[in-house]
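Below you'll find the structure, written out as structure tokens, and then a few comments.
Per chain, numbering begins at 1; letters A, B, ... match sequence-line order.
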Amino acid sequence: MPRVSAWFVRASLVHLMAGFCIGAVLLAGKGIPLGFDPWSLRAVHIEMLLVGWMIQLVMGVAIWIFPRFVLHRAPQRSAVTAWLAFALLNAGVLLAGLGGSLLAAGRATEIGAAASFAVHLWGRVSPAGLSDI
Amino acid sequence: MPPLTRWYIKLAMVYLIAGLLIGALPPVLAVAGPAYVHLLVVGWITQMIFGVAYWMFPKYSAEVPRGGNAVAIATLVLLNVGLVLRVVVEPLRAWRPELLPGWLLAVAGFAQALAGIGFAVSTWPRVKVR
């Protein structure tokens, strides 16, 4: 798979592990006293698993498997938007996960990631395996 | 399709139906809200991803295309034991806390966390740049 896809997928695996571990703490806190309120971790749990794990994995795999025949546009241009999506998505998850005053910045960064990903993939959504990137 | 993937996908479909059934029964949903969400996002979506990734990701090696079987099987078992335990214990405790001990929820969470780590560790070497 392309290097950028590998980074997307590896980062999603890191989010999966961290998100599931946080989820285990949240679930344990419903049954046994932990000495602190784990409920404050709920937002970062959801953020890491919904955006960091699932959405990120889908993006990485899509960049990997969608048609990438180059006809008349430099492939590097397309790679830049994919890398930008990767950087913005992970920065967004971090900011939104920290919450508080950073939540809005995190959400805006995630929207930027989605837009960059869409710009990257749009031309690759084409019939017969041909695209204009 | 490898046998482990078939297990993942068939179990995922069972959780999908179970989750949607719970969602269609408001009295059950009232005490099983978190279980409903996790049946769908863990039992259906995540399990489907695990199964398809195990099947379709690049080969680990020519001799052992999907890596070691032990971790992969343990991941399937831990994910499902943890999820079923959660889906049973959490609503029952929400309804009547004295029915089941709370540490069962810790076990359910721990099992699912181990499954997540198991999947990540066994998939990581198959994420190859070429």
Side-chain angles (χ1 to χ4, degrees), chain A residues 1-36 38-39 41-66 68 75 79 82-83 86, chain B residues 33-35 37-38 40-42 44-50 52-53 56-59 75 78-79 82-83 85-94 97-130:
Chain A
M1 66 179 75
R3 186 172 300 279
V4 65
S5 283
W7 278 80
F8 266 107
V9 174
R10 286 174 183 154
S12 77
L13 293 174
V14 170
H15 284 289
L16 168 70
M17 287 191 284
F20 265 41
C21 288
I22 293 169
V25 173
L26 282 167
L27 191 55
K30 289 183 174 182
I32 55 176
L34 296 177
F36 69 101
W39 205 239
L41 298 171
R42 185 170 174 264
V44 71
H45 166 67
I46 294 171
E47 197 70 28
M48 291 186 101
L49 290 176
L50 188 61
V51 183
W53 155 238
M54 289 182 186
I55 292 178
Q56 178 145 244
L57 183 74
V58 170
M59 286 182 172
V61 171
I63 290 166
W64 169 28
I65 66 173
F66 270 52
R68 0 178 203 146
W83 279 109
F86 172 76
Chain B
V37 170
H38 286 83
L40 295 178
V41 293
V42 178
W44 161 239
I45 300 174
T46 298
Q47 185 135 239
M48 181 67 87
I49 291 171
F50 280 15
V52 173
M56 303 286 281
F57 263 43
K59 288 182 171 59
T75 297
L78 286 166
L79 187 74
L83 181 60
L85 196 57
R86 186 225 178 105
V87 167
V88 171
V89 173
E90 193 179 26
L92 283 176
R93 278 184 53 81
E98 72 280 6
L99 279 180
L100 291 167
W103 57 262
L104 285 173
L105 289 176
V107 172
F110 187 61
Q112 290 175 86
L114 281 180
I117 293 168
F119 175 77
V121 167
S122 58
T123 303
W124 195 278
R126 296 176 61 187
V127 182
K128 294 176 177 175
V129 177
R130 68 170 177 85

### Task
Can you tell which part of B/Leu85 gets under 4.5 Å to a heavy atom of chain A, answering side chain, backbone, both or neither?
neither

### Task
Please examine the side chains of A/Leu27 and B/Gln112, heavy atoms only from C-beta on, and report whether any two atoms are closer than 4.5 Å.
yes

### Message
At a 4.5 Å cut-off on heavy atoms, which part of B/Arg130 comes close to chain A: side chain, backbone, both, or neither?
### Response
both

### Query
Say you draw a straight line from CD of B/Glu90 to NZ of A/Lys30; how long is it, rounded to the nearest 0.5 Å?
3.5 Å

### Query
Which pair of heavy atoms, one from B/Val129 and one from A/Pro2, lies closest together, and at what distance?
CG1-C, 4.5 Å

### Task
Calculate, to the nearest 0.5 Å, the distance between atoms CH2 and OG1 belonging to A/Trp53 and B/Thr46 respectively.
6.0 Å

### Task
Return the option, out of B/Met56, B/His38, B/Arg93, with the maximum number of heavy-atom pairs under 4.5 Å with chain A.
B/Arg93

### Query
Quick one: CD1 on A/Ile32 to CG on B/Leu104, what's the gap to the nearest 0.5 Å?
10.5 Å

#### Entry: Spatial distance of atom CG (A/Leu50) from atom CD1 (B/Ile45) [nearest 0.5 Å]
8.5 Å

### Message
Assess the residue pair A/Trp64 and B/Val127 against the criterion (side chain to side chain contact (heavy atoms under 4.5 Å, CB included)); give the C-alpha distance rounded to whole Å, side-chain angles, the decisive distance to 0.1 Å, and a yes or no.
### Response
CA-CA 11 Å; A/Trp64 169 28; B/Val127 182; over 6 Å; no

### Query
Does a sphere of radius 6.0 Å around NZ in B/Lys59 hold more than 12 heavy atoms from other residues, nucleotides or ligands, not counting ones at 6.0 Å or beyond?
no

### Message
Please find the pair of heavy atoms, one from A/Ala24 and one from B/Gly109, that lie closest to each other, and give the distance.
### Response
CB-O, 3.2 Å

#### Entry: B/Val41 portion near chain A, given a 4.5 angstrom heavy-atom threshold
both

### Query
Using non-hydrogen atoms only, which part of A/Leu57 is less than 4.5 Å away from chain B: side chain, backbone, both, or neither?
side chain

### Message
Please classify the contact of B/Pro34 with chain A as side chain, backbone, both or neither, using a heavy-atom distance under 4.5 Å.
### Response
side chain

### Message
Is B/Ile117 close to chain A through its backbone or its side chain, or both, or neither, when contacts mean heavy atoms under 4.5 Å?
### Response
both

